[in-house]
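Below, each value reflects all heavy atoms present in this structure, side chains not excepted, and no hydrogens, waters or symmetry copies. Below, chain A is the first sequence line, B the second, and so on; all start at residue 1.
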There are 2 protein chains.
Amino acid sequence: MVKKRELIGQTQSKIFEAATEVFEEKGYTGARMQEIADRAGINKALLHYYFRTKDQLFMAVFHVLLKKMFEKILSIFMEEATFKEKMRRFLDEHIEFLIRNPKLPIFLLNEISRNPAMAEGLKETLQYAQLRDLIYETHSKELKGYGIKKNDMPQLMITIVGMSVFPVAARDMMAIMMPQMNDTRKFNAFMQERKEFAAGFVMTALKNRKK
Amino acid sequence: MVKKRELIGQTQSKIFEAATEVFEEKGYTGARMQEIADRAGINKALLHYYFRTKDQLFMAVFHVLLKKMFEKILSIFMEEATFKEKMRRFLDEHIEFLIRNPKLPIFLLNEISRNPAMAEGLKETLQYAQLRDLIYETHSKELKGYGIKKNDMPQLMITIVGMSVFPVAARDMMAIMMPQMNDTRKFNAFMQERKEFAAGFVMTALKNRKK
DNA sequence: TTTAATTTTGACCAATTAGTTAAATCATTT
DNA sequence: AAATGATTTAACTAATTGGTCAAAATTAAA
């Protein structure tokens with residue numbers, strides 16, 4: 001009978017989920033401990049019992065979300081496949097991920113820009129040195145042939161990631177000029193089309209480069 | 001001797017500039033009226049004398065910044081030129097603009113997502129219907145020839161805007177994996193290179209589309 | 001069943017926050 | 001220079017906020 005343990009887990013999970021919701025919606029400065037407690041269906045004092053301060057609770061949530069985002073981006077590029085295959089899989093899976101987590105990009109961009117030091121801890125967790133090596137390996141094996149200079153690899157990577165992330169981050173801004181984006185069904189359809197559009201766009205741009 | 005008028009203007013300007021700084025850095029929820037007053041070198045009561053509430057002050061700043069951003073994006077596409085020329089000019093000028101206003105993208109994305117209704121007022125100010133017509137005109141005149149479907153115009157426009165905006169918004173996030181981006185000189189150099197990279201990338205992708 | 005430990009709560013506190021007020025200062029007009 | 005109106009200030013208020021505490025309730029161990 002591990003009832004108690006389960007309950008601990010339940011309460012802590014409820015808090016964590018509520019905190020994730022509120023922080024994603026309102027950001028650190030806009031979030032209120034009271035609202036997190038309310039959404040978790042508990043007392044505010046209990047919040048401080050499990051997570052001593054707002055900062056601690058926030059950091060716990062932030063790190064999970066940051067890792068979630070980066071792991072999704074990195075894991076695919078780590079796989080053994082051609083650049084083209086990796087890029088297609090990345091766009092497919094990452095866009096699916098973003099449709100399920102539409103508030104994540106703005107939240108992360110905003111919080112990291114508010115305090116860049118917060119992301120420090122992640123450098124070790126995600127073996128980014130390993131990824132950097134892999135990117136340059138991909139370059140010398142495949143992309144050199146496309147006329148991409150080693151120097152341009154950051155440009156290319158940012159472009160690909162931006163293809164999926166930017167529309168999600170800028171959705172409400174786009175909606176000023178394209179009101180159809182306010183309709184979530186239509187926006188999701190737009191993102192579905194984007195998988196093919198982006199992959200085709202990048203591959204065409206690469207294949208036909210002047211070398 | 002319009003000394004007093006000048007002074008009014010001076011004080012109001014000082015407040016407005018200070019508010020712009022603080023709101024851009026901290027966002028609405030993170031900004032403090034006291035800090036704005038301090039940076040403007042005045043009393044907090046004087047802040048409320050010129051702008052009755054935090055909301056009013058924020059809205060004043062927000063609208064100016066939102067308009068600034070959109071005017072920069074739109075004005076170029078309104079000009080009489082080929083799509084290729086417009087795109088090049090857009091990337092050149094917009095990237096210059098973003099280098100001078102690096103905090104603007106995240107600020108706007110964040111605040112609009114926090115409260116999309118805030119941007120409503122802009123629809124009329126920027127004749128966006130006019131722009132939409134122009135975009136579809138550009139499509140039927142030029143882009144159809146590139147194998148771009150009318151349906152894909154939003155995809156293309158978002159891609160181009162994202163090319164310039166995303167790296168600026170995501171700079172600190174990129175810096176987790178590319179520490180060189182922490183160096184502003186290097187980041188600005190990256191953005192300078194991006195003018196050519198992005199323009200070439202898009203044009204190559206367009207020219208070689210299967211139709 | 002009794003005891004001990006853990007979890008949950010209501011009531012409270014100190015600090016911070018946006019906003020107010022009445023008086024003082026300054027500039028302009030007469 | 002006196003009166004008038006606009007600008008600036010110091011001191012204050014009411015509400016909100018993150019955080020605490022001691023007691024109550026619940027669970028686990030004896």
Side-chain angles (χ1 to χ4, degrees), chain A residues 1-63 107 110-111 114-115 117-118, chain B residues 1-63 107 110-111 114-115 117-118:
Chain A
M1 208 179 287
V2 217
K3 247 187 190 171
K4 201 51 182 288
R5 285 282 136 211
E6 281 172 23
L7 262 171
I8 295 175
Q10 276 179 32
T11 304
Q12 207 160 13
S13 299
K14 276 198 301 180
I15 292 177
F16 201 87
E17 283 164 33
T20 302
E21 271 183 39
V22 175
F23 281 130
E24 269 195 343
E25 277 176 32
K26 314 266 173 96
Y28 177 84
T29 55
R32 297 289 168 252
M33 294 298 267
Q34 187 59 60
E35 188 178 356
I36 294 172
D38 290 346
R39 286 209 209 180
I42 55 148
N43 193 289
K44 185 161 69 87
L46 196 55
L47 214 57
H48 289 279
Y49 175 76
Y50 280 95
F51 300 86
R52 208 153 289 160
T53 66
K54 186 184 182 183
D55 280 77
Q56 275 186 40
L57 177 54
F58 176 80
M59 286 310 271
V61 169
F62 175 77
H63 273 128
F107 169 75
N110 199 46
E111 297 301 335
R114 189 176 60 83
N115 182 7
M118 280 191 316
Chain B
M1 210 179 284
V2 217
K3 246 187 191 172
K4 201 48 181 294
R5 285 280 136 211
E6 280 172 24
L7 262 170
I8 294 175
Q10 277 180 31
T11 305
Q12 207 161 12
S13 299
K14 275 198 303 181
I15 292 177
F16 200 88
E17 282 164 33
T20 302
E21 272 184 39
V22 175
F23 280 130
E24 270 195 344
E25 277 175 35
K26 314 268 174 93
Y28 176 84
T29 56
R32 296 290 168 252
M33 294 298 267
Q34 186 61 60
E35 188 178 355
I36 294 172
D38 291 347
R39 287 210 209 179
I42 55 148
N43 193 288
K44 183 160 71 84
L46 196 54
L47 214 57
H48 289 278
Y49 175 76
Y50 280 96
F51 299 86
R52 209 152 289 157
T53 66
K54 186 183 181 183
D55 280 77
Q56 275 186 39
L57 176 55
F58 176 80
M59 285 311 269
V61 169
F62 175 76
H63 273 127
F107 169 75
N110 200 46
E111 298 301 336
R114 188 175 60 82
N115 181 7
M118 280 192 316

Exercise for the section: Verify side-chain contact (heavy atoms from CB on, under 4.5 Å) between Lys54(A) and Arg32(A), making sure each step is shown before the conclusion. Expected result: CA-CA 9 Å; Lys54(A) 186 184 182 183; Arg32(A) 297 289 168 252; 4.1 Å; yes
Distance in angstrom units between [X] [atom1] and [N] [atom2], rounded:
{"X": "Leu47(B)", "N": "dA10(D)", "atom1": "CG", "atom2": "P", "result": "15 Å"}
{"X": "Phe51(B)", "N": "dT20(C)", "atom1": "CZ", "atom2": "P", "result": "16 Å"}
{"X": "Gln10(B)", "N": "dT7(D)", "atom1": "CD", "atom2": "P", "result": "13 Å"}
{"X": "Ile15(A)", "N": "dT9(C)", "atom1": "CD1", "atom2": "C1'", "result": "13 Å"}
{"X": "Gln34(A)", "N": "dC12(C)", "atom1": "CD", "atom2": "P", "result": "16 Å"}
{"X": "Tyr50(B)", "N": "dG19(C)", "atom1": "OH", "atom2": "P", "result": "18 Å"}
{"X": "Leu46(B)", "N": "dT25(C)", "atom1": "CG", "atom2": "P", "result": "16 Å"}
{"X": "Arg32(B)", "N": "dG19(C)", "atom1": "CZ", "atom2": "P", "result": "12 Å"}

Do the side chains of Arg39(B) and Val22(B) get nearer than 4.5 Å, heavy atoms only?
yes
Could you check if a side-chain atom of Phe51(B) sits within less than 4.5 angstrom of a side-chain atom of Phe16(B), using non-hydrogen atoms only?
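Yes. Closest side-chain heavy atoms under 4.5 Å.
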**Prompt:** Under 4.0 Å: is that the gap between some side-chain N or O of Thr11(A) and OP1 or OP2 of dT8(C)?
**Reply:**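 So the side chain of Thr11(A) is within the cut-off, an N or O lying under 4.0 Å from OP1 or OP2 of dT8(C).
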Q) So, is Tyr49(B) near the phosphate of dG19(C), with a side-chain N or O under 4.0 Å from OP1 or OP2? A) no
Discussion item. Can you list everything that forms a side chain to side chain contact (heavy atoms under 4.5 Å, CB included) with Asp38(A)? Sequence neighbours excluded, please.
Written reply: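 Once residues adjacent in sequence are excluded, the partners of Asp38(A) under the side chain to side chain contact (heavy atoms under 4.5 Å, CB included) criterion are Gln34(A).
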Can you give the donor-acceptor pairs under 3.5 Å from side chains of residues 42-49 of chain A to other protein atoms, not counting sequence neighbours?
residue	atom	partner	partner atom	Å
Asn43(A)	OD1	Ala45(A)	N	2.7
His48(A)	ND1	Arg52(A)	O	2.9

- Item | Basic-acidic side-chain contact under 4.0 Å: Lys14(B), Glu17(B) | no
Nucleotide N/O to protein N/O under 3.5 Å, stretch nucleotides 19-21 of chain D:
residue	atom	partner	partner atom	Å
dG19(D)	OP2	Lys54(A)	N	2.6
dG19(D)	N7	Lys44(A)	NZ	2.5
dG19(D)	O6	Lys44(A)	NZ	2.6

- What does Ala31(B) touch in the nucleic acid at a heavy-atom separation under 4.0 angstrom: a base, only the sugar-phosphate, or nothing?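 Sugar-phosphate contact only - Ala31(B) comes under 4.0 Å of backbone atoms but never of a base.
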Here the gap from Phe107(A) atom CZ to Phe62(A) atom CZ, rounded to the nearest 0.5 Å, amounts to 6.5 Å
